[in-house]
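Starting from 1, each residue takes its place in the sequence as its number.
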Amino acid sequence: MRAAPTILHLDMDAFFAAAEQASKPSLRGKPVVVGGLGPRGVVATASYEARRFGVHSAMPMGQARRLAPNAAYLVPRFAFYQSISEQVMRLLGLLSPLVEPLSLDEAFVDLEAGGVAADTVGARAVGERLRADILATTGLTGSVGLAGSKMIAKIASEQAKPDGLALIEPGTERTLLGPKSVRILPGVGPATGEHLRRAGMTTVSDLAEAGEDELVRLLGRAHGASLYRMAQGHDDRPVVAERDAKSVSVEDTFAVDLHDRVRIRGEVERLAERCVERLRASGHSGRTIVLKVRRFDFSTLTRSETLRGPTDALGVVREAAGRLLDSVDTTGGVRLLGVGVSGLADYTQEDLFAQAELVGERDAEGAAPVAPEVAVAEPAGPVAAAERHWAPGHDVRHAVYGAGWVQGSGLGRVTVRFEEPGSAPGRVRTFAVDDPELEAGEALPLVRGPVPGSSAAAGLPGGGVAPSAAGGRGGAPGLAAGLGSHPHRP
């Protein structure tokens, strides 16, 4: 535990939904729900306006629609969210070499390691400046927690939501934690929480009073001892700059069970392509290809194949996934497919590229040949155009009306609202789904041009964002001013 609150936890506020509201002026101040829109979809993020109706993340989408029937329901735009996340992470990188991302919208930062704060006053000033710079750079708000440990910093940021800052002075942890539910502690999920409840422990103070021996008896040596320490307010976990990825995977759940074998194979190939894209983006290659199939009866099968060495070749991954699919019975229907790569390394075994050319050849032991790739002809002409899918929330561009986003589609029509970030709420127009003047568009930036005081505006090298040295909440000195000669600047 530290004597100063120099561990910072940032959590962006309702990140996906807030990004959609910022990019779509007509949705500002209105309930917005982002997630899978099919019958089996779940809520990824709900705006604060939607939460007032009881909608929350991980809720089945059907239940959300019953609670908030008038909300805007949108599919996620992960590339857009990733671009905003990169801006935020660059700002965090200006604070310290020790930044531990937990997800696209959440991270820990060790301010002490960055030399930007050594006491309460300095930590608060950095936190306030960070919030101001995130708003100026992305147009979105984030909540900041400051404390002497990761556990308490995360609790503080939750208390600060939305768009706030909470600082917990070291030494006050037990007072803070005592009356709170045991579920607030890391590692206490629904099952452990219910187990503790049956033992008469519902608050953190109950755990502290029970003692370490009783918790070890109930939960085992490792979990019990760790939970007792956290109930006392102790958390010595360091901020870790990089986490070693163990696997890369993608999966899709289908609104209607798939029965056609050619369609299933096509979906597996598309998943393999997406998986390889993520694998290469992470700078890794992998040795083990994994196929996940959830069938019509909810039974889930996993098949894997380990290669001679690591690869990031699309042909190799795609063919391996296809071979694994051949070993699975899908006649009853498939509701979910997934492709993953594990056994990651930071190099590629070059001779594995030759494996992609072995399709159709027998192996040394005379095994049956692998089925060659099945080519599926795409429908041509007007039929293909009529089957274009316009997902609610996705960006489009019209040759006459410019940039807009899909409000909905069906019965051969698509409804588009034409507006941009920073504009007034736009006008709605309806087109045929095969309108040749309508095409998929790119997400527009929420903040146009260089942010005042940014590295782009100031001509700093690297193109990263350097926060402004003036203004901001609380009148705290700018991060850029305090980091002008910082050795860890990205």
Side-chain angles (χ1 to χ4, degrees), residues 36 38-42 78 245-282 284-345 348-349 351-379 387 389:
R40 297 168 184 159
V42 296
F78 289 111
K246 297 182 180 180
S247 65
V248 173
S249 63
V250 294
E251 62 182 42
D252 275 341
T253 300
F254 306 103
V256 178
D257 291 349
L258 304 185
H259 293 84
D260 183 81
R261 189 73 178 184
V262 174
R263 168 75 188 282
I264 293 172
R265 180 174 290 275
E267 293 294 340
V268 167
E269 291 175 353
R270 278 187 281 274
L271 288 167
E273 293 174 6
R274 288 167 51 194
C275 183
V276 168
E277 288 176 2
R278 291 190 180 184
L279 187 68
R280 291 174 176 172
S282 70
H284 290 94
S285 57
R287 297 185 65 236
T288 301
I289 314 304
V290 181
L291 175 72
K292 177 180 177 182
V293 179
R294 180 166 297 149
R295 299 190 292 189
F296 70 100
D297 58 356
F298 285 92
S299 61
T300 302
L301 304 178
T302 302
R303 299 287 185 267
S304 64
E305 175 181 319
T306 299
L307 308 173
R308 295 194 303 272
T311 184
D312 64 355
L314 173 58
V316 175
V317 175
R318 183 171 54 202
E319 298 303 337
R323 290 192 294 273
L324 295 171
L325 177 63
D326 291 336
S327 68
V328 177
D329 180 10
T330 62
T331 54
V334 171
R335 62 194 304 122
L336 177 147
L337 289 169
V339 174
V341 178
S342 60
L344 301 188
T348 300
Q349 190 78 28
D351 66 345
L352 287 177
F353 284 90
Q355 291 190 21
E357 301 173 1
L358 298 180
V359 180
E361 299 181 6
R362 293 181 178 271
D363 63 21
E365 298 178 1
V370 177
E373 181 175 342
V374 178
V376 182
E378 292 290 336
E387 293 182 353
H389 179 62

Measuring only between side-chain heavy atoms, which start at C-beta, is [X] closer than 4.5 Å to [Y]?
X: R265; Y: D326; result: yes
X: T311; Y: L307; result: yes
X: K292; Y: L301; result: no
X: L337; Y: L271; result: yes
X: V290; Y: V339; result: no
X: V248; Y: H284; result: no
X: R294; Y: V334; result: no

Distance from E305 atom CD to E319 atom CD, nearest 0.5 Å?
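It is 10.5 Å, given to the nearest 0.5 Å.
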Enter the distance from L325:CG to T330:OG1 here, rounded to the nearest 0.5 Å.
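OG1 of T330 is found 6.5 Å from CG of L325.
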Could you check R335 against D252 for side chain to side chain contact (heavy atoms under 4.5 Å, CB included), going step by step and ending with a plain yes or no?
CA-CA 9 Å; R335 62 194 304 122; D252 275 341; over 6 Å; no
Lys/Arg-Asp/Glu bridge criterion (N-O < 4.0 Å) met for E267, R263:
yes
Take T288 and T306 through the side-chain hydrogen bond (donor to acceptor under 3.5 Å, both in side chains) test and state the conclusion after the steps.
CA-CA 4 Å; T288 301; T306 299; 3.1 Å; yes
Going by the rule salt bridge (charged side-chain N to carboxylate O under 4.0 Å, His left out), which residues pair with E277 if we only count those two or more places apart in sequence or in a different chain?
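Partners of E277 under the salt bridge (charged side-chain N to carboxylate O under 4.0 Å, His left out) test: none.
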Between [X] and [Y], which heavy-atom pair has the shortest distance, and what is it?
X: I289; Y: A320; value: CG1-CB, 3.7 Å
X: C275; Y: G340; value: SG-CA, 3.9 Å
X: V276; Y: D312; value: CG1-O, 3.5 Å
X: S247; Y: S342; value: CB-CB, 3.9 Å
X: A272; Y: R318; value: CB-CA, 3.9 Å
X: L314; Y: R280; value: N-NH2, 3.6 Å

Test side chain to side chain contact (heavy atoms under 4.5 Å, CB included), reference R295, set T331, D329, T300, output is D329
L279/L344 under side chain to side chain contact (heavy atoms under 4.5 Å, CB included): CA gap, chis, key distance, verdict
CA-CA 9 Å; L279 187 68; L344 301 188; 3.7 Å; yes
